[in-house]
Number of protein chains: 2
Amino acid sequence: MAIKERKEREKQEMRNLIIESATRMFLKQGYDKTSIRNIADDIEYSPATIYLYFKDKDEIFYVIHENAFDILDQHLRQHDGIADPVERLDAIGRTYIRFGLENPDYYDLMFIMRAPMEQIKNEEKWKAGECAFGYLLTTLSECLEQKKIRPADLHVTAIQVWSYVHGLVSLYVRERMCILMLPDDATREVLYSSFALFISNLKT
Amino acid sequence: MAIKERKEREKQEMRNLIIESATRMFLKQGYDKTSIRNIADDIEYSPATIYLYFKDKDEIFYVIHENAFDILDQHLRQHDGIADPVERLDAIGRTYIRFGLENPDYYDLMFIMRAPMEQIKNEEKWKAGECAFGYLLTTLSECLEQKKIRPADLHVTAIQVWSYVHGLVSLYVRERMCILMLPDDATREVLYSSFALFISNLKT
DNA sequence: TGCATTTACTAAACAGTGTTTATTATATTT
DNA sequence: AAATATAATAAACACTGTTTAGTAAATGCA
């Protein structure tokens with residue numbers, strides 16, 4: 001009965017087709033303009049067909065959300081080779097910020113929008129988030145062990161670092177950095193300078 | 001011609017009626033469920049009437065956004081009496097965090113949602129934001145003058161502080177703090193502890 | 001092979017949304 | 001009292017996510 005396997009494969013291909021189309025549209029026109037009807041038009045199926053492969057719109061965006069975490073993860077793990085944990089922390093932070101600035105829509109979906117988190121409530125855990133946060137925890141615990149940053153509770157420190165870079169990126173992405181009344185490239189410079197200052201304040 | 005004045009007054013009263021209804025609904029059921037039709041139902045007018053007093057839905061929420069800034073401002077200015085600027089900074093930060101945790105919908109509108117910022121582009125400046133940010137700048141420049149915090153560029157430091165508290169609150173409000181896998185009250189405690197640590201790292 | 005059954009798909013509808021237009025009723029001015 | 005200006009609305013437009021009922025094709029079994 002190889003038919004069942006082929007059917008399963010075809011089902012997965014259709015899911016991929018939908019996700020690919022949705023991702024293209026999302027990155028081009030944003031969440032709101034990526035409607036089920038637009039996706040259906042794009043892949044040349046009826047809107048109702050999409051509901052045979054995904055429970056609802058949120059489920060589609062949950063998959064995109066997970067894919068985005070894979071991409072961020074690849075970026076962050078690039079710094080695995082840096083021996084000094086504080087230097088690594090600095091590199092991770094700058095890469096995180098750069099990822100946010102260069103992929104504002106992905107960043108939105110990963111860390112700002114409510115939709116993907118609704119999905120997580122009904123499932124089990126925020127696996128993708130835990131993976132990235134775990135990497136931060138590992139790096140920070142090395143920093144603390146080697147007494148290279150000011151001593152404090154590991155989780156409190158992690159929240160401090162994450163909140164900080166998230167604050168920078170999310171204020172920028174959601175257009176609150178206009179408060180500086182600077183041109184865009186100068187604003188970005190302030191973000192990186194501010195992060196550098198933060199890291200230097202963290203050091204022992 | 002006192003009629004014109006009365007008409008002007010009536011127009012303003014109608015605007016207030018709409019804003020009051022919209023605010024009530026927004027705080028009770030959130031942005032999405034506050035539809036023009038729901039507001040119209042609530043004030044017992046037709047949906048089209050609302051468009052005689054407001055250009056669109058965003059304009060209504062822009063007014064609510066401005067009102068929210070007034071409320072935050074009142075909270076923050078409570079600490080005007082604190083002589084030591086670092087102590088004042090600490091109090092301001094904690095009040096900002098508390099405001100965000102206790103008024104998540106207002107916080108959303110003020111610092112996360114895109115809608116109100118669209119309005120600002122078409123107008124002049126982000127007056128409400130500048131007011132609050134100005135207060136932070138004043139406090140920080142005092143801290144720097146008195147050499148009570150580590151020396152650095154004023155604006156870079158301000159962005160550092162704001163990004164940090166915003167990061168804490170926005171990750172909480174948009175449900176990313178679930179990563180800590182702690183009950184709600186413990187999570188809030190981590191936020192405050194993390195801020196305390198941040199302030200102590202900022203001090204000279 | 002022929003028939004029954006399962007699977008895949010879709011047209012149409014439902015219940016919403018923000019917004020605009022054409023029309024009516026009311027209030028003001030002349 | 002008639003003409004004009006203002007205020008309010010019913011209905012429509014163009015969307016949205018989602019569900020239902022019905023059709024056509026592929027598969028399982030005799």
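A, B, ... follow the sequence lines: proteins, then strands. Residue 1 opens every chain. Quick note: numbers below take in every heavy atom, side chains included, and nothing from hydrogens, waters or symmetry partners. Since this is a predicted model, take the numbers as computed values, not measurements.
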Check every strand shown and say whether [X] touches a base, only sugar-phosphate, or nothing at a heavy-atom separation below 4.0 Å.
{"X": "B:Phe54", "value": "nothing"}
{"X": "A:Asp58", "value": "nothing"}
{"X": "A:Thr49", "value": "base"}
{"X": "A:Asp56", "value": "sugar-phosphate"}

The side chain of B:Lys57 lies closest to which of these nucleotides: D:dT16, D:dT19, C:dT19?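 The answer is C:dT19, which lies nearest to the side chain.
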
Out of D:dT20, D:dA8, C:dC9, which has the shortest distance to the side chain of A:Ala48?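 Of the candidates, D:dT20 comes closest.
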
Can you find a heavy atom in the side chain of B:Trp162 that is under 4.5 Å from one in the side chain of A:Leu168?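 They are not in contact (no side-chain heavy atoms under 4.5 Å apart), so the answer is no.
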
Within-4.5 Å side-chain heavy-atom neighbours: A:Phe133 and A:Trp126: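 When only atoms from C-beta onward are counted, A:Trp126 and A:Phe133 do not touch, as no gap falls below 4.5 Å.
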
Atom [atom1] of [X] to atom [atom2] of [N]: distance rounded to whole Å?
{"X": "B:Asn38", "N": "C:dA15", "atom1": "CG", "atom2": "P", "value": "16 Å"}
{"X": "A:Asp32", "N": "D:dT16", "atom1": "CG", "atom2": "P", "value": "11 Å"}
{"X": "A:Arg37", "N": "D:dT16", "atom1": "CZ", "atom2": "P", "value": "6 Å"}
{"X": "B:Lys11", "N": "D:dA7", "atom1": "NZ", "atom2": "P", "value": "6 Å"}
{"X": "B:Ile18", "N": "D:dA7", "atom1": "CD1", "atom2": "C1'", "value": "13 Å"}
{"X": "B:Ile43", "N": "D:dA8", "atom1": "CD1", "atom2": "P", "value": "10 Å"}
{"X": "A:Lys33", "N": "D:dG17", "atom1": "NZ", "atom2": "P", "value": "14 Å"}
{"X": "A:Tyr53", "N": "C:dT10", "atom1": "OH", "atom2": "P", "value": "9 Å"}

If only side-chain N and O atoms of B:Ser46 are considered, is one of them under 4.0 Å from the OP1 or OP2 phosphate oxygen of D:dA10?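 Checking B:Ser46 against D:dA10: no side-chain N or O falls below 4.0 Å of OP1 or OP2.
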
Assert yes or no for the condition that the ring centre distance of B:Tyr106 to B:Phe111 is strictly below 6.0 Å.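 That pair fails the under 6.0 Å test.
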
Suppose we call two aromatic rings close when their centres sit under 6.0 Å apart. Are B:Phe61 and B:Tyr31 close by that rule?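 Ring centroids of B:Phe61 and B:Tyr31 are less than 6.0 Å from each other.
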
Using a strict 4.0 Å threshold on nitrogen-to-oxygen distance, state whether B:Glu66 and B:Lys127 make a salt bridge.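 Result for this pair is no, no salt bridge flagged.
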
Would you mind telling me which residue lines up with the more 5' stretch of DNA chain C, A:Tyr45 or B:Thr34, judged by nearest nucleotide?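 On the 5' side of the pair lies A:Tyr45.
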
